[in-house]
Amino acid sequence: MAKIKKINHVAIVVKDIDEALKFWRDQLGLELDHVEDVPSQASKVAFLPVGEGEVELVQPTAADAGIAKYLETRGEGMHHLCIEVDDIAEHLIFLKEKQVRLINEEPLVLPGRKMAFIHPKATNGVLIELYEITDEPES
Ligand code: ZN
């Protein structure tokens, strides 16, 4: 069975990253690593490392995208929890065997990682993202 490694990140949907950083960076004291445009997710993301994991502040950049609709209907707040596994394909097979409802039946392949979402109806209301890191960023 695929091994669960750690919480990779917690994503929080915000209206405005600069506004949100007034709390997360300036008041709470997290360090801002960088802000990145993620066109495939129709969003801009601020990465704030916390130990081995990260907090991600996600600001929608396109009004018609899923994440923007989520913000509109539910307001700012926690969007998803990301759990890193060592073999996402194997883990998805394992979940399907257990009849867990998935949003992505197959992993999406992105630069440096593979990912898939588990449906919140299966997880007590929390959208869960699975990650497999395929390429360690150079540091
Ligand atoms: Zn995420």
Side-chain angles (χ1 to χ4, degrees):
M1 184 193 147
K3 201 172 127 218
I4 291 177
K5 296 178 84 173
K6 64 177 189 186
I7 290 179
N8 183 285
H9 62 271
V10 173
I12 294 158
V13 61
V14 301
K15 288 183 201 139
D16 182 325
I17 281 179
D18 293 321
E19 275 300 312
L21 283 173
K22 289 180 184 170
F23 170 70
W24 293 93
R25 180 188 57 198
D26 303 341
Q27 295 179 319
L28 185 61
L30 298 184
E31 197 176 308
L32 174 63
D33 188 71
H34 69 287
V35 178
E36 189 181 308
D37 253 309
V38 186
S40 67
Q41 304 294 311
S43 55
K44 194 166 92 168
V45 182
F47 296 86
L48 301 120
V50 181
E52 290 197 354
E54 283 183 320
V55 168
E56 293 185 3
L57 304 176
V58 182
Q59 177 188 329
T61 51
D64 55 345
I67 185 105
K69 288 183 182 132
Y70 182 98
L71 177 63
E72 202 178 288
T73 50
R74 303 185 58 173
E76 293 187 304
M78 193 175 143
H79 184 259
H80 65 266
L81 171 69
C82 177
I83 292 175
E84 188 180 324
V85 298
D86 64 349
D87 186 336
I88 193 169
E90 195 185 47
H91 209 79
L92 288 173
I93 290 167
F94 171 78
L95 290 169
K96 279 186 257 186
E97 277 170 6
K98 302 215 173 311
Q99 269 133 38
V100 173
R101 186 165 163 194
L102 303 173
I103 293 177
N104 307 108
E105 300 267 329
E106 301 296 331
L108 308 174
V109 180
L110 299 174
R113 62 192 188 270
K114 294 179 191 171
M115 56 174 281
F117 282 104
I118 305 174
H119 200 283
K121 287 235 154 62
T123 64
N124 307 89
V126 180
L127 179 61
I128 293 184
E129 179 178 42
L130 295 175
Y131 251 25
E132 176 186 332
I133 302 297
T134 50
D135 194 6
E136 291 294 336
E138 287 170 38
S139 50

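Counting convention: from 1, in listed order, for ligands and their atoms alike.
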(request) Determine the interplanar angle of the His34 and Phe47 rings, folded into 0 to 90°, and report it as parallel if under 30°, tilted if 30 to 60°, perpendicular if over 60°. (result) parallel
The Zn ion (ligand 1) contact by [X], N, O or S atom under 2.8 Å:
X	answer
Cys82	no
His79	no
Glu129	yes

(request) Verify whether the ring centers belonging to His9 and Tyr131 lie closer than 6.0 Å. (result) yes
(message) Nearest 0.5 Å, please: how far is CD in Glu31 from CD in Glu54?
(response) 11.0 Å
(message) Looking at Lys5 and Glu132, is any side-chain nitrogen of the basic one under 4.0 Å from a carboxylate oxygen of the acidic one?
(response) no
